[in-house]
Amino acid sequence: MHHHIIEAAVGAVAALALPAVVIGLSGETGNAILPEAHQTIAIEETLFDYPLPGEFLAGGVPVAAPVEKTAIPEFHIMQRQVSLADYGRCVADGACDQAEAARSNADMPVTGVSFRDAQAYASWYSRARDENWRLPTAAELAAAAAERFAGEAFPIAADDAANPSVRWLRRYREEAAAKRPPDPKPKPRGHYGSNTRGLEDFGGNVWEWTSTCYARTTIGADGLVENVTDNCGVHVLEGRHRAYMSTFVRDGKSGGCAVGTPPENLGFRLVRGRTSALAATIDWFRTAYRLKDPIT
């Protein structure tokens, strides 16, 4: 299987990777406020069928996202979402902008944060603790979410290629049928409990930023990928369903690329371990794999 070749190559790159303190973690910071250590859980190596994020076109018409056999090496991820208090320490140290979230004395997840805000926190936390922390890829978050992973809640089906409005109407009706009441107020951390892997609160009312860029993929008549165009001005969020938001958006209701109910709150958690350069290399290998193999 091709994924075994990919992961072997990734492992070789990992062996040559420089320590995180050398790569991307230098720079001055006051570190006047030492952040508390986040508890993490180990997500064992996972091989699963993963519905790829992004937009897929065949003959100029949107088609369902292909499902790819994906291998994710073991990694460590924060058990809980970054809290309002955690993020506040970064703000107090001058490294993060204030979140658009109501003040609370409870142990609440930080919300009202953009992709850029999450990146700023990851950089600050990495420097402050002399470690390497980053946002998870969408595939890593899916692996950690396990049975709570939803992906595209209302995937595109072949309705009427000549009339896209039919598809949009169908998806609207599907979501209306779910009759999920709005639940905009963030809940204290732990409110939604843990999944089978020990990950807390995933799939609650906080959608989580990932490092994965939105991509538009063109598929030829032979089932091969003809072209992939990444748009890193938009990133993937995972939660009750998948969403796509511009990197500066802090309020999911203010706009995005998701169809259906917009995310009620935007937050994040981080992954510890691999360097950002290595994560980018893995993404490159996976993109190359998609470009060479038929979509099934």
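Side-chain N/O atoms of R116 and T247 include a donor and acceptor closer than 3.5 Å. A donor-acceptor contact under 3.5 angstrom links the side chains of Y214 and E55, judged on distance only. Counted by atom type alone, T196 and E147 present one or more donor-acceptor pairs between their side chains at under 3.5 Å.
Two residues are said to be in side-chain contact when any heavy atoms from C-beta on lie closer than 4.5 Å; P109 and V82 fail this criterion. Looking at Y125 and H38, their side chains come closer than 4.5 Å, going by heavy atoms from C-beta outward. Side chains of V67 and P51 form a contact here, defined as non-hydrogen atoms less than 4.5 Å apart. At a threshold of 4.5 Å between non-hydrogen side-chain atoms, the residues N265 and Q81 do not count as touching. Side-chain contact between T137 and T210 is absent, with no heavy atoms from C-beta onward closer than 4.5 Å. The closest side-chain heavy-atom distance from E131 to S126 is not below 4.5 Å. With a 4.5 Å cut-off on side-chain heavy atoms, I41 and H76 do not count as touching. Within the 4.5 Å cutoff, side-chain heavy atoms of Y244 are placed close to those of V236.
Interatomic distance, CG of D251 versus CD of E264, reported as 11.0 Å (0.5 Å rounding). To the nearest 0.5 Å, atoms CH2 (W209) and CD (Q119) are separated by 10.5 Å. In this structure, the separation between NZ on K187 and CG on D107 is 15.0 Å, given to the nearest 0.5 Å. How far SG of C96 is from CG of D117: 7.0 Å, rounded to the nearest 0.5 Å. Here the straight-line distance linking atom CG of N205 with atom OG1 of T111 works out to 8.5 Å at 0.5 Å rounding. With rounding to the nearest 0.5 angstrom, the CD1 atom of I77 is 12.0 Å from the CZ atom of R272.
Judged as a salt bridge (Lys or Arg N to Asp or Glu O under 4.0 Å), and not counting sequence neighbours, R148 has no contacts. With sequence neighbours excluded, no residue forms a ring pair (Phe, Tyr, Trp, His ring centres under 6.0 Å) with Y192. For K185, the salt bridge (Lys or Arg N to Asp or Glu O under 4.0 Å) test picks out no residue, with sequence neighbours left out.
Heavy atoms only, all atoms of each residue included: P263 and A243 are closest at CG-CB, 3.7 Å. Closest heavy-atom contact between A64 and F56: O-CB, 4.4 Å. Taking each heavy atom of A95 and A120 in turn, the nearest pair found is O-CB, 3.8 Å. Pairing each heavy atom of A144 with each of F75, the nearest pair is CB-CZ, 4.2 Å. Between R129 and E36, the closest heavy-atom pair is NH1-C, 3.9 Å. Here the closest heavy-atom approach between residue Y50 and residue A139 is recorded as OH-N, 3.4 Å.
Counting heavy atoms of neighbouring residues, nucleotides and ligands inside a 6.0 Å radius, atom CG of D49 exceeds 12 of them.
Under a hydrophobic-cluster definition in which Ile, Leu, Val, Met, Phe, Trp and Tyr are linked whenever side-chain heavy atoms come within less than 4.5 Å, directly or via other members, F268 and V206 are assigned to different clusters. The hydrophobic cluster containing M245 also contains L135, counting ILVMFWY residues as joined when their side-chain heavy atoms lie under 4.5 angstrom apart, directly or transitively. F149 and L52 fall within a single hydrophobic cluster, where Ile, Leu, Val, Met, Phe, Trp and Tyr are joined by side-chain heavy atoms under 4.5 Å apart, directly or via other members. In this structure, M78 is not a member of the same hydrophobic cluster as M108, with clusters built from ILVMFWY side-chain heavy atoms closer than 4.5 Å.
A side-chain donor-acceptor contact under 3.5 Å links Q79 to the backbone of G198. Side chain of D201 to backbone of G190: a donor-acceptor contact under 3.5 angstrom is found. Side chain of T218 to main chain of E226: no donor-acceptor pair is present (N/O by atom type, distance under 3.5 Å, no hydrogens or angles). Of the possible polar contacts, one joining the W207 side chain to the H241 backbone as a donor-acceptor pair under 3.5 Å is found. The closest donor-acceptor contact from the side chain of S104 to the backbone of A106 lies under 3.5 Å. Put simply, the side chain of N195 gets close to the backbone of R197: a donor and an acceptor are under 3.5 Å apart. Between the side chain of S83 and the main chain of D86, a donor-acceptor pair closer than 3.5 Å is present. A donor-acceptor pair is defined here as one N or O able to donate and one able to accept, closer than 3.5 Å; no such pair exists between the side chain of R269 and the backbone of L141. For the pair D230 (side chain) and C232 (backbone), a donor-acceptor distance under 3.5 Å is absent. Proximity of a side-chain donor or acceptor of H235 to a complementary backbone N or O of T212 within less than 3.5 Å is detected.
By the 30° and 60° cut-offs, the orientation of the rings of Y87 relative to Y121 is parallel.
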request  = Could you walk me through whether S114 and V249 pass side chain to side chain contact (heavy atoms under 4.5 Å, CB included), step by step?
outcome  = CA-CA 5 Å; S114 68; V249 169; 5.8 Å; no
